[in-house]
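Labels below follow one simple rule: chain letters A, B, ... track the order of the sequence lines, proteins then strands, and each chain is numbered from 1. Note that these values count all heavy atoms, side chains included, but never hydrogens, waters or copies made by symmetry. All values reported here derive from a predicted model rather than from experimental measurement.
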Amino acid sequence: MSELKVSAIKEGTVIDHIPAGKGLKVIEILNLNTLNGGTVLLAMNVHSKKLGRKDIVKVEGKYLSEEEVNKIALIAPTATVNIIRDYRVAEKFNVEVPEKISGILRCANPNCISNHEYTVPKFYVISKEPLKVRCHYCERTMEEEEILANL
Amino acid sequence: MQGWKGRDVISIRDFSRDDIEYVLSTAERLEEELKEKGSLEYAKGKILATLFFEPSTRTRLSFESAMHRLGGSVIGFAEASTSSVKKGESLRDTIKTVEQYSDVIVIRHPKEGAARLAAEVAEIPVINAGDGSNQHPTQTLLDLYTIKREFGKIDGLKIGLLGDLKYGRTVHSLSEALSHYDVELYLISPDLLRMPRHIVEELKEKGVKVYETSDLESVIGELDVLYVTRIQKERFPDEQEYLKVKGSYVIDLEILKKVKETLKIMHPLPRVDEIHPSVDSTKYAIYFRQVFSGIPVRMALLALTLGVIE
């Protein structure tokens, strides 16, 4: 089933194995819900051997950069990314939570200097499962819920 | 061990056991030299800038005294209202400016992470003298120095941390630093103010034996060191609860009947009423000697980061 859906776009990116219910958030984080974002298809609650249920997001005409992939890794660590060229899977890679996260996440601590001065916010991943990061500046630990709210 | 010249002192997390030991032994060396000669000249011609965006008498005076004792001089401000911050200048610009006037910067700032940012911006070494509720590494180093001077070692000691372990910055950093040593930690606090779980887990992972209790009397007889901190009223939902808790953690002559002869009582100060003044003159009290430790430890950090000693 999902093979068919993948090959249905000519050029672009298919993000597969998104935990069920996180597909809309992926679209939001990647800013795909804008008028110039190209055609976006979202499949929700698709049957999956690996996850039980999963979401799939397909983006026509857009190849994800590494930085964007990192953003997804935080919300959907199980996701796989397929780069599609001429209806074929040209590249396929797993999303991985990086050791360091830079520039895509804001610190949840309102008293952190990174929320008051010009800085590039940086975080160290201290646990991938459950997801926990520590702010490079204020050293406060953020857990998944706070992380998702500050992407 | 990293080289010391030009190094920043921002968080106790950045310190290995070797780093800590090196600071402590350098402090000891400088303390002896100072006793012998009265004043030193290692930092002659060097200028320390103390940038206190938030007032702190003790830490600022201690750093300034340490720099003078090293033969250096000091510039700076003691509160943000007398600096250009009041005109809206960014921390970044303040640091960029001040580093043109000085060789090392000591900063205290109400925002967490401010010292880390200052260190990234500045070419010269930056020493954190407290960033909001985050870190105060020189306090931790002087605490360790005090323990080491009293006992000749840190390994093998039973150390009790008493009071507000939930919000207390000093006890978080101290326990983190102590995790490099073979110690037993007794965490004594009201249930409401227990040490955050992630810190307790981290301590256990590093092999520290941790005991948690709310009952001071049941463990005080075990301890070599009792580190007392203040419990703040505003942490409690109602005043009655606060008064009840406060009363059970007051160190007075009565409770000292139950302790080891060799117990040492420490406190980061200022204290309010958690240690009765009658305790000050007992052999157990070392909190004013602890204040003195700030001088050799800060001298060591200034001299090492300036690169005027090795």
Side-chain angles (χ1 to χ4, degrees), chain A residues 19 22 29 65-67 70-71 73-78 96-151, chain B residues 8-15 51 53-54 80 84-85 88-97 107-122 126 128 130-137 140 166-167 169-170 172-173 175-177 195-202 205-206:
Chain A
K22 299 271 175 76
I29 288 169
S65 71
E66 200 183 325
E67 200 190 22
N70 286 351
K71 283 190 204 185
L74 294 178
I75 170 175
T78 51
E96 256 189 68
V97 178
E99 300 294 321
K100 280 186 203 168
I101 296 160
S102 192
I104 57 173
L105 182 63
R106 262 180 306 111
C107 184
N109 173 10
N111 205 40
C112 176
I113 195 75
S114 67
N115 287 318
H116 298 270
E117 289 255 344
Y118 168 73
T119 56
V120 178
K122 284 192 271 293
F123 298 86
Y124 304 103
V125 175
I126 50 175
S127 160
K128 292 186 180 182
E129 189 86 58
L131 186 59
K132 270 187 207 171
V133 301
R134 181 188 301 124
C135 175
H136 166 74
Y137 289 100
C138 75
E139 303 188 13
R140 221 188 88 169
T141 305
M142 283 161 74
E143 297 188 1
E144 192 165 353
E145 200 178 317
E146 274 180 319
I147 294 169
L148 298 184
N150 286 283
L151 274 169
Chain B
D8 303 304
V9 178
I10 305 302
S11 166
I12 205 72
R13 280 179 200 281
D14 305 336
F15 280 68
L51 311 185
F53 294 88
E54 193 180 60
S84 53
V85 175
E89 186 176 52
S90 69
L91 175 62
R92 189 176 281 276
D93 287 3
T94 305
I95 297 294
K96 274 283 176 208
T97 304
I107 179 175
R108 167 165 292 201
H109 197 282
K111 297 270 185 289
E112 288 102 48
R116 182 78 70 190
L117 175 63
E120 285 176 353
V121 172
V126 172
N128 185 5
D131 59 326
S133 64
N134 184 31
Q135 284 272 339
H136 191 2
T140 301
K166 185 173 182 182
Y167 299 100
R169 173 177 71 186
T170 48
H172 295 171
S173 302
S175 55
E176 210 164 308
M195 186 71 90
R197 290 306 88 194
H198 71 271
I199 297 181
V200 176
E201 278 162 33
E202 226 172 283
E205 271 168 34
K206 288 186 177 166

Interatomic spacing from CD1 in I113(A) to CG in L91(B) - rounded to 0.5 Å: 5.0 Å
I147(A) side chain reached by F123(A) side chain, heavy atoms, under 4.5 Å: no
Heavy-atom contact with chain A under 4.5 Å, split by part of P196(B): neither
Chain A/chain B interface donor-acceptor pairs under 3.5 Å:
residue: N109(A); atom: ND2; partner: E112(B); partner atom: OE1; Å: 2.6
residue: N111(A); atom: O; partner: E112(B); partner atom: N; Å: 3.1
residue: N111(A); atom: ND2; partner: P110(B); partner atom: O; Å: 3.0
residue: N111(A); atom: ND2; partner: E112(B); partner atom: OE2; Å: 2.9
residue: I113(A); atom: N; partner: E112(B); partner atom: O; Å: 2.8
residue: E117(A); atom: OE1; partner: L91(B); partner atom: N; Å: 3.3
residue: E117(A); atom: OE1; partner: R92(B); partner atom: N; Å: 3.3
residue: E117(A); atom: OE2; partner: L91(B); partner atom: N; Å: 2.5
residue: Y118(A); atom: O; partner: R92(B); partner atom: NE; Å: 3.4
residue: Y118(A); atom: O; partner: R92(B); partner atom: NH2; Å: 2.5
residue: H136(A); atom: NE2; partner: E120(B); partner atom: OE2; Å: 2.5
residue: Y137(A); atom: OH; partner: E120(B); partner atom: OE1; Å: 2.6
residue: C138(A); atom: O; partner: N134(B); partner atom: ND2; Å: 3.4
residue: E139(A); atom: OE1; partner: S11(B); partner atom: OG; Å: 3.2
residue: E139(A); atom: OE1; partner: R13(B); partner atom: NE; Å: 2.9
residue: E139(A); atom: OE1; partner: Q135(B); partner atom: NE2; Å: 3.3
residue: E139(A); atom: OE2; partner: S11(B); partner atom: OG; Å: 2.9
residue: E139(A); atom: OE2; partner: R116(B); partner atom: NH2; Å: 3.4

Worked check of side-chain contact (heavy atoms from CB on, under 4.5 Å) between I95(B) and L51(B): CA-CA 9 Å; I95(B) 297 294; L51(B) 311 185; 3.8 Å; yes
Distance (rounded to the nearest 0.5 Å) between C135(A) SG and M142(A) CE: 8.0 Å
Which residues share a side-chain contact (heavy atoms from CB on, under 4.5 Å) with P19(A), sequence neighbours left out: K22(A), A76(A), T78(A)
Interatomic spacing from CD1 in I75(A) to CD1 in I29(A) - rounded to 0.5 Å: 4.0 Å
